[in-house]
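To start, the structure under review is shown below, and the notes come after it.
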Amino acid sequence: MKFVAVTACPTGIAHSQMGAESLTRAATEAGHDVEVEVHGAMGTENELGEEDLARADAAIVAADVRVDTDRFADLPTVVAPVGTAVSDPEGLVERAVGLGRAGEPETVRVGDDAADGEGRGLLDGLRRLLE
């Protein structure tokens, strides 16, 4: 399967990149392809293009801040806190595989109350960084 993913955290220092690396590793080890867009302190890296979205079977959004998810409206999408991409990337990939196989453009939220992509701001990001 082919996935697109976005990782983002309030500070954009560590969790965004760690989540991207973890998702890439987990997807690759499971035999899938993934393109990950990272929202970090340096801005947006590896921005997903229309071709990436057109080829994708499902999307993963691991973010504690708001990201544009409208572009995933036609894709099955797993939404979770960025910490979940770091601690359980295999679980997110498995969820995305299940959704991708079903083929319905639904959104499934995993994890705590930050899973809507709207974290609690800078202090939450610092707390997560120090964990």
CZ (R55) with more than 12 external heavy atoms under 6.0 Å: yes
Using only atom types and a distance under 3.5 Å, with no angle test, would you say the side chain of D64 pairs donor to acceptor with the backbone of P10? no
Minimal heavy-atom distance between C9 and S16, with the atoms involved, is N-OG, 3.0 Å
Just how far is it from atom CD of E104 to atom CG of L75, taken to the nearest 0.5 Å? 12.5 Å
Counting only N and O atoms by type, is there a donor-acceptor contact under 3.5 Å from the side chain of E37 to the main-chain atoms of L48? yes
Closest heavy-atom pair, S22 versus P89, reported as atoms and distance to 0.1 Å, is O-CB, 3.5 Å
What distance do N46 atom CG and D52 atom CG have between them, rounded to the nearest 0.5 Å? 7.5 Å
Return the CG to CG distance between D33 and D57, rounded to the nearest 0.5 Å. 9.5 Å
Side chains of E47 and E35: closer than 4.5 Å at any heavy-atom pair? no
Supply the atom-to-atom distance D88 CG to E94 CD, rounded to the nearest 0.5 angstrom. 7.5 Å
Are V65 and M18 connected in a single hydrophobic cluster, I mean Ile/Leu/Val/Met/Phe/Trp/Tyr linked by side-chain heavy atoms less than 4.5 Å apart? no
Test salt bridge (charged side-chain N to carboxylate O under 4.0 Å, His left out) applied to E50 - qualifying residues, sequence neighbours left out: none
Any H39 side-chain heavy atom under 4.5 Å of V6 side chain: yes
Find out whether F72 and T107 are in side-chain contact, i.e. whether some heavy atom of one side chain is under 4.5 Å from a heavy atom of the other. no
Can you name the nearest heavy-atom pair linking A27 to V34, along with the distance? CB-CG1, 3.8 Å
Would V79 and V4 show up in the same hydrophobic cluster when neighbours are defined by side-chain heavy atoms closer than 4.5 Å? yes
Run the side chain to side chain contact (heavy atoms under 4.5 Å, CB included) test against A85 and tell me which residues pass, sequence neighbours left out. L23, A62, L92
Check whether any side-chain heavy atom of T69 lies under 4.5 Å from a side-chain heavy atom of R71, and answer yes or no. no
What heavy-atom pair brings A56 and F3 nearest, and what distance separates the two atoms? CB-C, 4.5 Å
Closest contact, heavy atoms only, V36 versus A20: CG1-CB, 3.5 Å
Common cluster, V86/V38, ILVMFWY with side-chain heavy-atom separation under 4.5 Å: no
Nearest-0.5 Å distance, OG1 of residue T7 to NE2 of residue H15: 11.0 Å
